[in-house]
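For reference, the structure discussed in these notes is given below.
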Amino acid sequence: MGVDTTTPTATGTDREQIESVVIRFAGDSGDGMQITGSQFTQATALFGNDLATFPDFPAEIRAPAGTTYGVSAFQIHFGTLNIQTSGDAPDVLVVMNPAALKVNIGDLKVGGTVVVDTGAFQKRNLAKAGYDKSPLEDDSLAPFQVIELDISKRTLQAVETFDLTSKESLRCKNFWTLGLMLWMYGRDRAATVEWLQEKFATRPEIANANVAALNAGHAYGETAELSHLAAYNVPKAHVAPGLYRTVTGTEALGWGLLAGANAAHLEILFASYPITPASPVLHTLARLRAYGVTTFQAEDEIAAICAAIGASFAGTLGITSSSGPGIALKGEALGLAISIELPLIVVNTQRAGPSTGLPTKTEQSDLLQAVYGRNADAPLVVLASATPSDCFETAIEAVRLATKFMTPVMLLSDGYLANAAEPWLIPDASAIPDFPVSYRTDPKDFHPFLRDPETLARVWAKPGTPGLEHRIGGLEKDYDSGNISYDPDNHQRMMETRAAKIAGVANDIPPQTVNVGPEHGRLALVGWGSTFGAINQAVRNAHDEGIEVSHIHLRYLWPFPANLGVLLAGFEQVIVPEMNMGQLVKILRSEYLIPAEPLTKVTGKPFKVSEILETIRSKSGDCA
Amino acid sequence: MGVDTTTPTATGTDREQIESVVIRFAGDSGDGMQITGSQFTQATALFGNDLATFPDFPAEIRAPAGTTYGVSAFQIHFGTLNIQTSGDAPDVLVVMNPAALKVNIGDLKVGGTVVVDTGAFQKRNLAKAGYDKSPLEDDSLAPFQVIELDISKRTLQAVETFDLTSKESLRCKNFWTLGLMLWMYGRDRAATVEWLQEKFATRPEIANANVAALNAGHAYGETAELSHLAAYNVPKAHVAPGLYRTVTGTEALGWGLLAGANAAHLEILFASYPITPASPVLHTLARLRAYGVTTFQAEDEIAAICAAIGASFAGTLGITSSSGPGIALKGEALGLAISIELPLIVVNTQRAGPSTGLPTKTEQSDLLQAVYGRNADAPLVVLASATPSDCFETAIEAVRLATKFMTPVMLLSDGYLANAAEPWLIPDASAIPDFPVSYRTDPKDFHPFLRDPETLARVWAKPGTPGLEHRIGGLEKDYDSGNISYDPDNHQRMMETRAAKIAGVANDIPPQTVNVGPEHGRLALVGWGSTFGAINQAVRNAHDEGIEVSHIHLRYLWPFPANLGVLLAGFEQVIVPEMNMGQLVKILRSEYLIPAEPLTKVTGKPFKVSEILETIRSKSGDCA
Amino acid sequence: MTVATNEKKTAKDFASDQEVRWCPGCGDYAILKCVQRTLADLQVESHNTVFVSGIGCAARFPYYMSTYGFHTIHGRAPAFATGIKTANPELDIWIITGDGDALSIGGNHMIHILRRNVDVQIVLFNNEIYGLTKGQYSPTSRRGTRSPSTPKGSVESPISATNLALGAGGRFVARSIDTSQKHLAQTLMRAHAHRGASFVEVFQNCIVFNDKAFAHFTEKPVAGNNQLHLEHGKPMLFGADNSKGVRIREGSNLALEVVTIGENGITDADILVHDEKNRIMATLIASLEPPEFPVAIGVLYCDPKPTFGDELTQQAEPTTKRSRADIQSLLESGRTWTVAG
Amino acid sequence: MTVATNEKKTAKDFASDQEVRWCPGCGDYAILKCVQRTLADLQVESHNTVFVSGIGCAARFPYYMSTYGFHTIHGRAPAFATGIKTANPELDIWIITGDGDALSIGGNHMIHILRRNVDVQIVLFNNEIYGLTKGQYSPTSRRGTRSPSTPKGSVESPISATNLALGAGGRFVARSIDTSQKHLAQTLMRAHAHRGASFVEVFQNCIVFNDKAFAHFTEKPVAGNNQLHLEHGKPMLFGADNSKGVRIREGSNLALEVVTIGENGITDADILVHDEKNRIMATLIASLEPPEFPVAIGVLYCDPKPTFGDELTQQAEPTTKRSRADIQSLLESGRTWTVAG
Ligand SMILES: Cc1ncc(C[n+]2csc(CCOP(=O)(O)OP(=O)(O)O)c2C)c(N)n1
Ligand SMILES: Cc1ncc(C[n+]2csc(CCOP(=O)(O)OP(=O)(O)O)c2C)c(N)n1
Ligand code: SF4
Ligand code: SF4
Ligand SMILES: [Mg+2]
Ligand SMILES: [Mg+2]
């Protein structure tokens, strides 16, 4: 291809400088919107913006073309400043067909831009989307800037010299669109060209046609006869120097587990049963065999956790992973792991419930299940990740705590985090502190429930070790020998010991800090998990408005950091925004007897910054 | 048999009158102590005492004879006044072998009486029990009144005329013992004789031999040369007039489910998988086919709850039952039942955990699991029974709420309640209010999520009804059509509706009352479940000591009665005694922000009255 | 919503008003059409018919039927169906399930519903893949299947749905193909006619994640040589003009071989005659696989015995005790005593 | 605690210090003794041996062994064992399970460990009852079993453990009897020798809740006529002086019959020769039952194939990437960019 794809100049156009923008690409499941979005993300990351993304898939694998429920969307928020969320509402909406317009137009900011492929607005598609007449022909789009382009036709023209079927040709239209958008924001095409050439290595004609479409879209921008086709410049973000990549929560979590196991000097048995949106963690780890990771797709979730516990019994790090309904199935076995005090990590990529619920939508409604969802008093450690890159950190921390305290750790992620991407300053792997496990080998005075007097962790004695043969199980064990014991006082003692061990984790984790705002004052927003970005941004915006408010983000959900009670007591009001009906708020109220109040949202969608900001405004009014 | 067994006279003995007594029968698993205990209970009930019992089985089916872990015990507390618990400590201990002495002597009140079968105190048995020398020969029993009798030998003599093997003959010794104890407390033998004749109808020689042993034991008392063999009179209790029987929690619960279904005009499908201590509920209902109860022993707990939900879908009352670990397995399916809003009753006969724990011991540690133990926000109704006879009432109430609100109801019992017996004023079945369900039949404007505007319950439309064909499932449903809906706002609305429906149950249940003591004041003890008796007695005793304290017993654990918050706010201190590590206390603190404090016990044994009384004393000191 | 009338129902009457949302080209469409047509042929009452499913692409099926439907949870449809049928034996129940739903998470419920012989029709859409979760290998996937969870290929041997069903004590075991509409309809009819648990494995093409998994015996050009259509009492002939057949290899201790009629003096009489009441024969032919053998299609085994429901009904007293007085007597059963007022 | 030494170990060395707590007279005692003796005969290392069990009377077994032991939860032992074996393929793993544990709640895990052919020995103590929960009928209980949950007798047909194992794809399926110490020991030896999932059903008497369930073929006087001891390559003879045999009934389409040597000209040569590599033959003889037939005892089927572990190992690269630098390269894989300082 003779066209130079590397220089993102905007010849002949005056680029307007803006600080940040939110773009949503929307089209049919078959239109390749996720690819368009991730390629745009890649180019934007390489350009040097900070960014956050939100891919939003339909529940159906491949819904019939043109239907509203088959619409797939990808939103990216990027800019010069710190980008915390994928954006409340798009500034720009790119729609590839009427259904995509129908589903998404309601979200577009008033005055925002909508780019429409008019070529897809035929009668049949309009009807499928439920339009009686074309919205392009009435004034329903009046509040917006509409850029009508026959992308379909222009794509076909761009690729007509290639030997493709007409279906194949039309499939290139997402790259035409991408080309145009890359031009519009002055981004480089080189990475996409490279990606296409690699992806379609065995079918170069497909690669070349897509590159041609990409370039044609770009060229269309350059030479656009349309005066209303503005171009923008979103300057690089000022971020710490170093080597970056984009990372999704899933990747970071998988790699974090590996890095943690590496620090613990352990191999991993990762046993799981597929379930949306948790399966990609399994897929990520399945590719890491050479790193000492064995993955096992079990016959169900129960078998998966049991195999993981078996692996931990054998001296490997057992990990299992699922989403809400699958986690529910693991409760009984989790109780066993707690009772026999073996390290285990249970990853829960939460989704919207109850029951099957909205499997592809996000929610953080499994906190109570994590903390309490088993028979009897069976305490464990619960952590949650805040952002895609934080998944890496929390996964390492999960391994550290599981092995140090010989305990199951529940690590909470969610559907939003799992799929969202952000730029990541790649950590220095050699700087991760080592925390090698030490197995018991000495038969002298051995019994399996010998405890470290400080952590109360029991010894880890793995089969294969001469002289340490022992039997464990879910019946109550004698404190002093590990044998079965029905003694009433021993049961009391063991219950207290298990509780004390987990409570003691509070002394092994960093004290809770305030992320933004004063250490005490009128109002604190306490959050956990993937609401981090939205809360953080809202609190910053509130500061800009002169409102005094603090953001406290909890990574440790059970036990809480030792100072949390005192910290929260320093605020007149505590608001707990959660994507559930109010779960953390229940635990905080119960533990600390503070009148914390919930701010809940259960639409299957992340919080908007504005929703939280509004609450801050009204609550700070309350205080004043 | 020529002996008159009907007159409980104590010729030639002056009976000392006492108000109440606690007797514990203890022996080898093979010694028939449970039968002895229940026969004594029967006779005592017929005599007219109030009573409470506590059978305590070993975990092993039939542990080797003579071992300490093979000891089986049965405790009965009976008297003239209201008997609330099976007694803190026995006044009289009857032991059939050294192991039974070893295990139980520590519980006997100082100055109490121990009746010993010296015939079982041979070397071998002493050794098996871990005695170096016979405790009858040192002064270890000095604090007690010891009645040494060679019961074994006397039994053999009593039955020698019957054609039994020597093993069979010796097996009669529990009836000899029973005869003696019946004499000692002036109880009638007739019921036991009748029971024996019925039980061994096909083997009359066994029946007759046991009757002979019974009579011989009784006669031994009558004619006892031993002056220290005192006889007692425990006068009848002053109880409401009417027809009585003894009832265990299991029987009452099973019959209550039936009575509830009858009031709802429903048949029952009771689907369960055996597990200690829940299986007897299955066994009880398996005998009620003629009453419209079908029982189904499923392949596992998951299949059991699914079959029960299926039955409810089909228009029958689906019930499932298990204990902690089995309930954990039902979490996922329970979420479905909540999501599709069908009536369902889940009975949890709790046992000591975590994991397999102490399967034959009691605990009430599944409250958090009941309220929160599922993925996502999935609210249901939780009730708990207080006493064996209360199991009947709560079971009816569970059916009423499940059908009225189209919701799963979790009904909590425990191992203690299930096995404990008490006298029961048989209720008037015709007085149970009718609450017939009405199925939807009208196809007009039908959809499956049409709601009663007041209760928010959806319609119950059962397959087989023409014109009401519909599809339901665990995916989120459209509020207005019941079809699958991925709409964000609809999800929010449905979440709120499900929560509001369950919250609304609070308005359909009686306001919380105070069981004993003032309506507000210094100190309230708030309990739930089988701790009722111990708390109640402790509070009454405290009153006798002049301490101001109230007892509030919760039948409704979720939602709470509407007035509970206000009621509790009226007390300076709230103490929550629970046989767990503190569960209800967490929920109360979180809901009402009151500084309720736990009083916990996790030994696998019920609270003693004295343990609670002590806490009352020290807490009332705190207030003063 | 369909109100029962006396008019003859057509396939359309069994379609719900919900849009069908499988991938274009998915084999599920053909099965749906065939089931709707079969119900019309049977003239069943839609209000007495219940479709029960677990979770998966296949399990969306009930939403597309105008009958009663219950989309339950993953793997548990047989348990729900057992409850429904036990509660109301009049209902005509179809279980729709996938290979993951039925044989991975749901394997236990499947073997137990077969063992109990609950009177339902079970239709297993076997696409040898987890469709809904985007293409992981399943228990029926062939060894070496590359999937997101097995990037280097799966190492497990697939389970045979029919062999498992036979091993579990199933009394009706059959096989058909999504696109073989006539054969599928006949097989579903047979399944419906059988009282007891009828197990039908349907080879179903997942065009997105496992396209052409069955092409080697379902595609027109190879179908004749690679499908053995079973008929009770008929010799097991196949191929062009029924020129080939299957027989027990002589002196082989129960192994089969393919022979050609006319070659080496072989006549129709040498060919194994299908006896659908013979469980061992069913077991033998269930394992036949190309290239050496054709795939056996049709009713492998059908040997009815009393159903779970029949036995329950037969054993149980009818419900005679419905009144409050009956409850009262129950409460008063056993030993009682009166405390005078 | 047993420290490995070079001295010859005896059965006693495999007993733990815990008191055995089954009911006096329980068949479990005999199996325990036999397993301990077999381990001594095999001279295995107790520290490399792991006994894994679920819940039930049988499942208490590990506590009584001096090896490593894991008493897990009800029905899931095969899943735990799969994890243990996959984590450390050097370990020698025995699964001890009951008929409820293995075939009721645990049926799914059982069929999947067999299908995957994980290299373990599975010993199923079949007493046709739930012992630990006090006597409810189990999936192997015969129809009509009166139990606390079936006061009028069970209505379900029992599942055949061996047929299910064969149907699930098990590669080693055998049967023995608690009290037949020699036979049981031999069978356990064979199971241990087989690489892959070895499934051994042991008929075990529950003296308390199901006494004499197997007496009709295990008690001395009837054992000869009612037990068929299988040996690979040997004709299926049984009875006094091996006077009877089993053969395929002529013209029967795969049905068996009992014949008497010498009668009607029948000789040893007419008798079916046991071929333990023949799955169909195993399926046929697994179903034989008194009074018409003897019960087949011994190795019904043994046809090894690569184990799950072998295949995993063979497929996988060895773990070469253990250093922090390897982790670093992984994090830096794919597209990266540098932001200058
Ligand atoms: C408890 C639970 N575990 C896992 C899942 C995720 N899941 C849904 S369908 C499915 C398997 C689908 O495969 P199959 O049954 O073969 O049906 P298909 O989609 O191929 O028709 C899985 C693993 C779930 N929904 N619930
Ligand atoms: C999850 C769970 N469900 C049920 C039980 C109760 N339970 C324990 S053992 C058992 C069955 C025992 O039967 P089997 O496996 O045949 O063993 P046996 O006692 O006869 O040796 C049951 C139902 C349990 N412990 N856990
Ligand atoms: S993923 Fe496969 S099985 Fe599922 S709908 Fe698409 S083509 Fe059909
Ligand atoms: S109940 Fe039966 S199986 Fe269990 S220990 Fe006793 S005799 Fe053995
Ligand atoms: Mg499939
Ligand atoms: Mg058993």
Side-chain angles (χ1 to χ4, degrees), chain A residues 58-59 69 302 323-329 331-332 335-336 338-340 350 352-359 361 363 365-366 368-369 371-378 473-476 486 488-489 491-492 495-496 498-499 580-581 583 586-587 589-591 593-595 601-605, chain B residues 58-59 69 302 323-329 331-332 335-336 338-340 350 352-359 361 363 365-366 368-369 371-378 473-476 486 488-489 491-492 495-496 498-499 580-581 583 586-587 589-591 593-595 601-605:
Chain A
Y69 54 86
I302 300 176
S323 187
I327 298 292
L329 288 168
E332 189 209 2
L336 176 68
I338 290 166
S339 166
I340 56 177
Q350 300 162 92
S355 192
T356 309
L358 299 170
K361 304 299 171 196
E363 215 166 83
S365 52
D366 291 346
L368 291 172
Q369 172 174 251
V371 179
Y372 301 128
R374 294 163 288 287
N375 57 303
D377 292 288
L475 288 164
E476 188 58 284
Y486 298 112
D489 295 334
H491 182 50
Q492 179 85 39
M495 293 295 281
E496 285 167 6
R498 283 185 288 260
N580 58 41
M581 297 288 282
Q583 301 201 353
K586 278 186 194 277
I587 309 182
R589 287 167 64 97
S590 153
E591 292 297 308
L593 286 181
I594 51 163
K601 178 173 185 180
V602 279
T603 62
K605 301 210 167 199
Chain B
Y69 55 86
I302 300 175
S323 187
I327 298 291
L329 287 168
E332 188 209 1
L336 175 68
I338 291 166
S339 166
I340 56 177
Q350 302 162 93
S355 192
T356 310
L358 298 171
K361 304 298 172 198
E363 216 167 82
S365 53
D366 291 345
L368 292 172
Q369 172 174 252
V371 179
Y372 301 129
R374 294 163 288 287
N375 56 303
D377 292 288
L475 287 164
E476 189 57 283
Y486 298 113
D489 295 333
H491 182 50
Q492 178 86 39
M495 294 295 282
E496 286 167 5
R498 284 185 288 260
N580 58 41
M581 297 288 281
Q583 301 200 353
K586 277 186 195 277
I587 308 181
R589 287 168 63 97
S590 153
E591 291 297 308
L593 287 181
I594 51 163
K601 177 173 185 180
V602 279
T603 62
K605 300 209 168 202

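This one's a predicted model, so the numbers in the text were calculated from it and none came from an experiment. Convention: sequence-line order gives letters A, B, ...; per-chain numbering from 1.
For A:Leu329, the parts sitting under 4.5 Å from any heavy atom of chain B are the backbone and the side chain alike. Residue contact with chain A, scored on non-hydrogen atoms closer than 4.5 Å, is absent for B:Ile587. Proximity to chain B is limited to the side chain of A:Lys605, based on heavy atoms less than 4.5 angstrom apart.
Your options are B:Ile338, B:Leu336, B:Val371, and the one with the most heavy-atom pairs under 4.5 Å with chain A is B:Leu336. Counting heavy-atom pairs closer than 4.5 Å to chain A, the top residue among B:Ala352, B:Pro325, B:Gly324 is B:Pro325. Between chain A and the residues B:Gly331, B:Pro354, B:Ser339, the largest count of heavy-atom pairs under 4.5 Å involves B:Pro354. In terms of non-hydrogen atom pairs under 4.5 Å with chain B, the most contact-rich of A:Ile594, A:Leu593, A:Asp489, A:Ile302 is A:Leu593. Each of A:Gly357, A:Pro359, A:Ala499, A:Gly473 has some count of heavy-atom pairs under 4.5 Å with chain B, and the biggest count is that of A:Gly357. Comparing A:Met495, A:His491, A:Gln583 by heavy-atom pairs within less than 4.5 Å of chain B, the highest count is held by A:His491. Here B:Arg374 is the residue among B:Arg374, B:Glu476, B:Glu363 with the most heavy-atom pairs under 4.5 Å with chain A. The choice from A:Gly353, A:Gly474, A:Gly373 that makes the most heavy-atom pairs within less than 4.5 Å of chain B is A:Gly474.
Partners of B:Gln350 by side chain to side chain donor-acceptor pair (under 3.5 Å), not counting sequence neighbours: none found. For A:Ser323, the side chain to side chain donor-acceptor pair (under 3.5 Å) criterion is met by no residue, not counting sequence neighbours.
B:Glu591 has no carboxylate O lying under 4.0 Å from a charged side-chain N of A:Arg589, or vice versa, which leaves the two without a salt bridge. Taking a cutoff of 4.0 Å between a charged side-chain nitrogen and a carboxylate oxygen, B:Lys601 and A:Glu496 do not qualify as a salt bridge.
Here the straight-line distance linking atom CG of B:Asp366 with atom OH of A:Tyr372 works out to 14.5 Å at 0.5 Å rounding. Separation of atoms CG (B:Leu358) and NZ (B:Lys361) is listed at 7.5 Å; rounding is to 0.5 Å.
Taking all atoms of both residues into account, the shortest heavy-atom contact from B:Leu368 to B:Lys586 is CD1-CD, 4.1 Å. Taking each heavy atom of B:Ser365 and A:Asp377 in turn, the nearest pair found is CB-OD2, 3.5 Å.
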